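Below is one structure, written out as structure tokens; comments come after it.
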Number of protein chains: 2
Amino acid sequence: MTGYELAKYFDRSVAFIWQARHSQIYTELRRLEAEGLVVAETLPRGEKALATKRAYALTPAGAEELHRWVTEAAPPPPLRDTAYVKATYLEYGSYQQARRWFRAHRSHYEALRDQYERHVDDLERRATDLLRRRLAQAPDPTHDAIVAYKVHAYRGLIERTKTEIAWADRGLELVNRLSEGHDLSDPVLPPSAPHPPT
Amino acid sequence: MTGYELAKYFDRSVAFIWQARHSQIYTELRRLEAEGLVVAETLPRGEKALATKRAYALTPAGAEELHRWVTEAAPPPPLRDTAYVKATYLEYGSYQQARRWFRAHRSHYEALRDQYERHVDDLERRATDLLRRRLAQAPDPTHDAIVAYKVHAYRGLIERTKTEIAWADRGLELVNRLSEGHDLSDPVLPPSAPHPPT
DNA sequence: AGCTCCATGTAAGTCGTTACATGATTCA
DNA sequence: TGAATCATGTAACGACTTACATGGAGCT
């Protein structure tokens, strides 16, 4: 593929699982090329071909590295979700704000869940562009496994969103319990600085 | 707190929810100071006090910004978990490797779950240093809410790990189904490069 | 005297984002 | 001829990591 094509996929389905801007994709491709993991072929563009494009393909070394990387254990993800940091300090706001906060959390993950569900549907129907390209290059008897792994990954992401939704719902119940008999718009803590250490 | 103290907490309980090295903490504190969100007091160290340390405290502007930030909706986290990228391409390895891969995933999250569970326990018993400091600075009637929010956040992280564990288990079942009647150590796909685009 | 802990930084580099910049091709 | 799309980059900056660097304090 060309960098441009890759960038297009990163704007669509690939973004569900990893994100990258075109600026990063182009520089990264050049880096992979310098490392010998991909090779580029300069192709003419259009009829009169005053312009060109660069189509990349894996080298044998690149394919080997891909196999190695995939089967190697995944390093623990960084765990940097501001949502959980904020949730830890919701007492800085009013009950009303906490309620709004959990509702926003729920909405966000509901939308994400719906996107993933549509995508799993597409994968099961083998209806996505990328999957078709992938299957076209692999021997027939492997097709079921290829689809099954991808479906399993996205179903996992769906479960994640459901966990977030359930957590937000329990958060709303918690706020209801805490706010019983209180003025909803009163901050739990006044916005003053804590005492400096002495 | 001093940067050193902060760094110590970041090596312990805070690391469960956010990570930072001392090098980042010191530079960030200087930045917050320049922005007027914190103030530093230079304190003597030890008896003869040839050395000093810098203890930081929130300014009113810093407290205000903290309140604002916490109650503002959390931006969607980047979604960059290599595990799910790898899971999408497990056909590049053998069934045996896939099985090992899911087992490693499960082990990782089991260990994490146990850590979180111990921490929730500590929080409920109000036995952690940071929580005690926190409660000491807040009026009594707010204590329950402060603890409840933190416990809720960590319980959410526990649910997350359980989702990952269940996903890994279903992954193992999937590999069992796929590998029926196959040689376990055969790669699903040979480690060759796909055909370059034509 | 030597070890561990306390305490604070800087430098170089990676990964990623946002914004800036350019030009050809295609189609209405 | 003008707009959308194809196509590829660079520059500046922000967040974070790893490694380098220094020195006092407290204890045995």
Side-chain angles (χ1 to χ4, degrees), chain A residues 1-12 14-35 37-57 69 74-83 85-86 129 197, chain B residues 1-12 14-35 37-57 65 69 74-83 85 129 197:
Chain A
M1 273 191 230
T2 64
Y4 186 81
E5 279 178 289
L6 275 165
K8 260 198 327 189
Y9 285 116
F10 268 91
D11 280 345
R12 300 164 163 270
V14 180
F16 292 154
I17 213 159
W18 198 267
Q19 282 135 287
R21 309 269 155 225
H22 78 268
S23 60
Q24 194 185 357
I25 290 166
Y26 286 120
T27 50
E28 195 67 17
L29 283 170
R30 288 288 182 170
R31 215 192 50 127
L32 291 170
E33 193 186 11
E35 279 181 36
L37 300 176
V38 300
V39 267
E41 195 185 353
T42 300
L43 298 173
R45 255 175 78 199
E47 291 302 297
K48 352 201 125 160
L50 298 173
T52 59
K53 58 183 172 183
R54 291 167 58 81
Y56 291 88
W69 181 81
L79 192 68
R80 285 174 189 291
D81 190 341
T82 51
V85 182
K86 291 185 181 200
D129 246 33
Chain B
M1 272 192 229
T2 64
Y4 186 80
E5 279 178 288
L6 275 166
K8 259 198 327 189
Y9 285 116
F10 268 91
D11 280 345
R12 302 164 163 271
V14 180
F16 292 154
I17 213 159
W18 198 268
Q19 283 134 287
R21 309 268 156 225
H22 78 267
S23 60
Q24 194 184 358
I25 290 167
Y26 285 119
T27 50
E28 194 66 18
L29 283 170
R30 289 287 183 171
R31 215 193 51 127
L32 292 170
E33 192 187 11
E35 278 181 37
L37 300 176
V38 299
V39 267
E41 194 185 353
T42 300
L43 299 174
R45 254 174 78 199
E47 292 301 296
K48 351 203 126 159
L50 298 172
T52 58
K53 57 184 173 182
R54 291 168 58 81
Y56 291 88
E65 169 61 11
W69 181 81
L79 193 67
R80 286 174 189 287
D81 190 341
T82 50
V85 182
D129 246 35

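Since we're looking at a predicted model, the values are computed, not measured. Per chain, numbering begins at 1; letters A, B, ... match sequence-line order.
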(request) Produce a footprint string for nucleotides 16-24 of chain D: one letter per nucleotide, 5' end first; B if the base is under 4.0 Å from any protein heavy atom, S if only the sugar-phosphate is, - if neither. (result) SBBB---BB

When the distance from [atom1] of [X] to [atom2] of [N] is rounded to whole Å, what number comes out?
X	N	atom1	atom2	result
A:Arg31	C:dC15	CZ	C1'	10 Å
B:Glu41	C:dT8	CD	C1'	17 Å
B:Met1	C:dT8	CE	C1'	17 Å
B:Lys8	C:dC5	NZ	P	11 Å
B:Phe10	C:dA7	CZ	P	17 Å
A:Leu6	D:dC6	CG	P	14 Å
A:Leu29	C:dG16	CG	C1'	15 Å
A:Ile25	C:dG16	CD1	P	11 Å

Got [X] and [Y] here, is their nearest side-chain heavy-atom distance under 4.5 Å?
X	Y	result
A:Thr82	B:Pro77	no
A:Thr2	A:Leu29	no
A:Tyr4	A:Lys53	no
B:Trp18	A:Arg80	yes
A:Met1	A:Tyr9	yes

For [X] and [N], is the shortest distance between a side-chain N/O and OP1 or OP2 below 4.0 Å?
X	N	result
A:Tyr4	D:dC6	yes
A:Tyr26	D:dG9	no
B:Arg54	C:dT8	no

(message) Would you compute the distance between atom CD1 of B:Ile25 and atom CD of B:Glu5 and round it to the nearest 0.5 angstrom?
(response) 11.5 Å

(request) Go through the structure and list residues passing salt bridge (Lys or Arg N to Asp or Glu O under 4.0 Å) with B:Glu33, not counting sequence neighbours. (result) B:Arg30, B:Arg54

(request) Let me know, please, whether A:Thr27 or A:Thr52 comes out on the 5' side of the other along DNA chain D by nearest nucleotide. (result) A:Thr52

